[in-house]
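Predicted model only: the values in this text are computed from it and were never measured. Remember, it's 1-based here, ligands and their atoms both numbered in the order they're listed.
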Amino acid sequence: MNRLFLLLFIVANASAEQGFMPISGSEYLSEQVRDMQEDEFANPAMPTVDYGRSLFHKVNDEGHRCSGCHGENGNKLKLERIAAYPVYDREQERPITLQNQINICREERMDDFPYVYDCREMVGLETYMKFLARGQIIRVQTDGPMTPFYQAGKQLYHRRFGQMEMSCAHCHDQHRGAWLRGQVLNQGQSNGFPVYRLSTSRVTSLHRRFSECLFSFRAEPFLSGSDEYINLELFVNARGNGLSIETPAIRD
Ligand code: HEC
Ligand code: HEC
């Protein structure tokens with residue numbers, strides 16, 4: 001009997017690897033939390049969205065504001081483009097994240113200084129942009145000039161870290177569905193980011209979540225905005241191609 005279960009387990013896992021189907025972390029939520037996530041009034045991350053919205057319309061010292069180019073409430077933004085980050089930047093010859101894009105706009109088009117990666121303002125603006133793009137289907141490019149960066153991200157995802165020699169894939173591919181310290185392991189998808197964590201009552205960016213996962217198995221994290229995390233974001237976002245944006249999602 002036990003052997004039969006083991007066999008079924010192996011077969012199920014093998015087929016999961018071949019035809020990988022992305023599943024949003026929201027599928028693992030209780031109905032109550034999912035309702036809260038979808039309700040614009042009940043979602044506890046809405047103050048962060050509002051903060052991002054206020055920054056978006058704020059005039060800087062040089063007389064520029066995001067909404068000057070992107071429209072009131074972002075009505076001229078290309079929402080399907082927001083769902084495609086990281087995108088390849090021809091000038092820099094590397095992938096850029098949505099946060100990188102916001103800094104490019106600030107430096108090159110607003111004569112302003114760049115924000116520090118993952119600072120409060122940046123996460124506010126990013127949350128607002130992604131909130132506007134809710135429902136857009138994630139389509140991240142992985143071929144052409146993106147190939148080497150995608151491969152580097154994939155390698156990182158499978159690299160064993162720390163004394164426990166664990167990789168992202170160990171938890172989010174092989175053991176997903178299992179329980180770990182009171183939490184069900186999901187696929188580690190990024191379509192809800194930045195997310196609101198009920199355990200910390202805070203909005204958490206994707207790179208911080210990477211660091212928290214690495215911390216959790218006592219591995220040394222990288223820096224927010226580092227090349228490593230940008231490549232990892234590229235791989236993780238592309239792994240969710242086909243899912244829709246659900247920012248700001250709610251998680252434990
Ligand atoms: C002077 C005009 C201008 C201002 C001001 C500006 N941007 Fe942009 N932004 C652009 C242009 C042009 C692009 C297209 C860039 C490209 O394709 O390389 C862009 C692209 C974007 C994108 C990608 C989605 C899209 O519609 O292409 C986002 C998100 C974005 N900007 C956010 C911001 C934010 C946030 C601010 C304020 C901090 C800002 N921008 C300020 C001109 C501007
Ligand atoms: C020891 C197991 C473990 C490892 C290894 C691990 N994680 Fe996680 N991860 C978790 C747990 C537990 C959560 C929170 C519960 C959940 O959402 O499944 C989580 C959540 C996430 C989420 C958020 C998912 C969502 O729906 O909001 C992302 C993204 C993520 N991990 C990425 C990674 C990456 C990238 C790595 C490798 C650097 C990694 N994780 C390594 C256990 C792990």
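Short contacts between ligand 2 and Arg251, defined as distances under 4.0 Å to a heavy atom of the residue, involve ligand atoms 25 (C), 26 (O), 27 (O). Of all atoms in ligand 2, listed by their number and element, those nearer than 4.0 Å to a heavy atom of Leu206 are 29 (C). The contact set between ligand 1 and Met129, taken as ligand atoms under 4.0 Å from a residue heavy atom, comprises 29 (C). Interface of Leu185 with ligand 2, defined as ligand atoms under 4.0 Å from a residue heavy atom, comprises 10 (C), 11 (C), 12 (C), 18 (O), 42 (C). Each of the atoms 38 (C) of ligand 1 lies under 4.0 Å from some heavy atom of Arg106. Near Gly25, the atoms of ligand 2 lying under 4.0 angstrom from a non-hydrogen atom of the residue are 26 (O). Taking a cut-off of under 4.0 Å to the non-hydrogen atoms of Cys171, the atoms of ligand 2 that pass are 1 (C), 2 (C), 3 (C), 4 (C), 5 (C), 43 (C).
The CD1 atom of Ile230 sits 10.0 Å away from atom CG of Leu234, with the distance rounded to the nearest 0.5 Å. We find the CG-CG distance between Asp35 and Leu29 to be 10.5 Å, quoted to the nearest 0.5 Å. In this structure, the separation between CZ on Arg209 and CG on Leu214 is 10.5 Å, given to the nearest 0.5 Å.
Between Leu156 and Glu228 there is a side-chain heavy-atom pair separated by less than 4.5 Å.
In this structure, Glu38 places its CD atom where more than 12 heavy-atom neighbours from other residues, nucleotides or ligands lie under 6.0 Å away. Other residues, nucleotides and ligands contribute more than 12 heavy atoms inside 6.0 Å of the CD atom of Gln92. Summarising the local packing, CG of Asp61 is surrounded by 12 or fewer heavy atoms from other residues, nucleotides or ligands at distances under 6.0 Å. Heavy-atom contacts from other residues, nucleotides or ligands closer than 6.0 Å to CD of Glu93 number 12 or fewer.
Here the shortest heavy-atom distance to atom 27 (O) of ligand 1, taken over Glu121, Glu108, Arg81, belongs to Arg81. Closest heavy-atom approach to atom 35 (C) of ligand 2 within the set Phe217, Phe210, Tyr229, Phe235: this belongs to Phe210.
Taking each heavy atom of Asn241 and Pro22 in turn, the nearest pair found is O-CG, 3.7 Å. Contact between Met166 and Cys171 at its shortest, heavy atoms only, is CE-SG, 3.8 Å. Taking each heavy atom of Met146 and Pro86 in turn, the nearest pair found is CE-O, 3.2 Å.
Taking the charged nitrogens against the carboxylate oxygens, Arg65 and Glu72 do have a contact shorter than 4.0 Å, which makes a salt bridge.
Of the heavy atoms in Cys168, both backbone and side-chain atoms come closer than 4.0 Å to ligand 2. Of the heavy atoms in Gln189, only backbone atoms (N, CA, C, O) come closer than 4.0 Å to ligand 2. Using a 4.0 Å cut-off between heavy atoms, Leu98 contacts ligand 1 through its side chain alone, with no backbone atom that close. With a 4.0 Å cut-off on non-hydrogen atoms, Leu156 does not touch ligand 2 at all. Of the heavy atoms in Met110, only side-chain atoms (C-beta onward) come closer than 4.0 Å to ligand 1. Only the side chain of Tyr85 comes within 4.0 Å of ligand 1, counting heavy atoms alone; its backbone N, CA, C and O stay farther away. At a heavy-atom cutoff of 4.0 Å, ligand 2 is contacted by no atom of Ser24, backbone or side chain.
For atom 23 (C) of ligand 1, a protein heavy-atom neighbour is found at a distance under 4.0 Å.
Any N or O atom pair closer than 3.5 Å counts here, and Lys78 shares at least one such pair with ligand 1. Polar contact with ligand 2: absent for Ser167 (N/O pair, distance under 3.5 Å). Geometrically, ligand 2 and Asn186 share a nitrogen or oxygen pair separated by less than 3.5 Å. Checked by distance only, ligand 2 and His172 come closer than 3.5 Å through their nitrogen or oxygen atoms.
Applying the side-chain hydrogen bond (donor to acceptor under 3.5 Å, both in side chains) test to Gln189 and every residue at least two apart in sequence or in another chain returns Gln187.
Residue-ligand proximity: His170 is placed with every non-hydrogen atom at 4.0 Å or more from ligand 2. Contact analysis puts Arg65 in contact with ligand 1, with a non-hydrogen atom separation below 4.0 angstrom. Not close to ligand 2: Asn191, with no non-hydrogen atom less than 4.0 angstrom away. Residue Phe193 places a heavy atom less than 4.0 Å from ligand 2.
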Counting only pairs under 3.5 Å, give me each side-chain donor-acceptor contact of residues 127-135, with atom names and distances, residues two or more places apart or in other chains.
from   : atom 1 : to     : atom 2 : distance (Å)
Thr127 : OG1    : Val123 : O      : 2.6
Lys130 : NZ     : Phe193 : O      : 3.4
Arg134 : NE     : Thr247 : O      : 2.7
Arg134 : NH2    : Gln37  : O      : 3.0

Side-chain donor-acceptor distances from residues 100-110 under 3.5 Å, at least two apart:
from   : atom 1 : to     : atom 2 : distance (Å)
Asn100 : OD1    : Thr97  : N      : 2.9
Asn100 : OD1    : Thr97  : OG1    : 3.2
Gln101 : OE1    : Tyr85  : OH     : 2.8
Asn103 : OD1    : Tyr115 : N      : 2.8
Asn103 : ND2    : Tyr115 : O      : 3.0
Arg106 : NE     : Phe113 : O      : 3.0
Arg106 : NH1    : Tyr115 : OH     : 3.1
Arg106 : NH2    : Asp112 : OD1    : 3.3
Arg106 : NH2    : Phe113 : O      : 3.0

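For Cys213, the nearest N, O or S atom to atom 8 (Fe) of ligand 2 falls under 2.8 Å.
Remark: the backbone N or O of Ser67 is not paired with any side-chain donor or acceptor of His70 at under 3.5 angstrom.
Between Tyr88 and Phe149, the angle of the ring planes lies from 30° to 60°, which puts this pair in the tilted group.
Each protein N, O or S atom less than 2.8 Å from atom 8 (Fe) of ligand 1 was counted, giving 2.
Remark: aromatic rings of Phe235 and Tyr150 are close, center separation under 6.0 Å.
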Can you check side-chain hydrogen bond (donor to acceptor under 3.5 Å, both in side chains) on Asn237 and Ser190, steps first, answer last? CA-CA 6 Å; Asn237 286 11; Ser190 54; 2.6 Å; yes
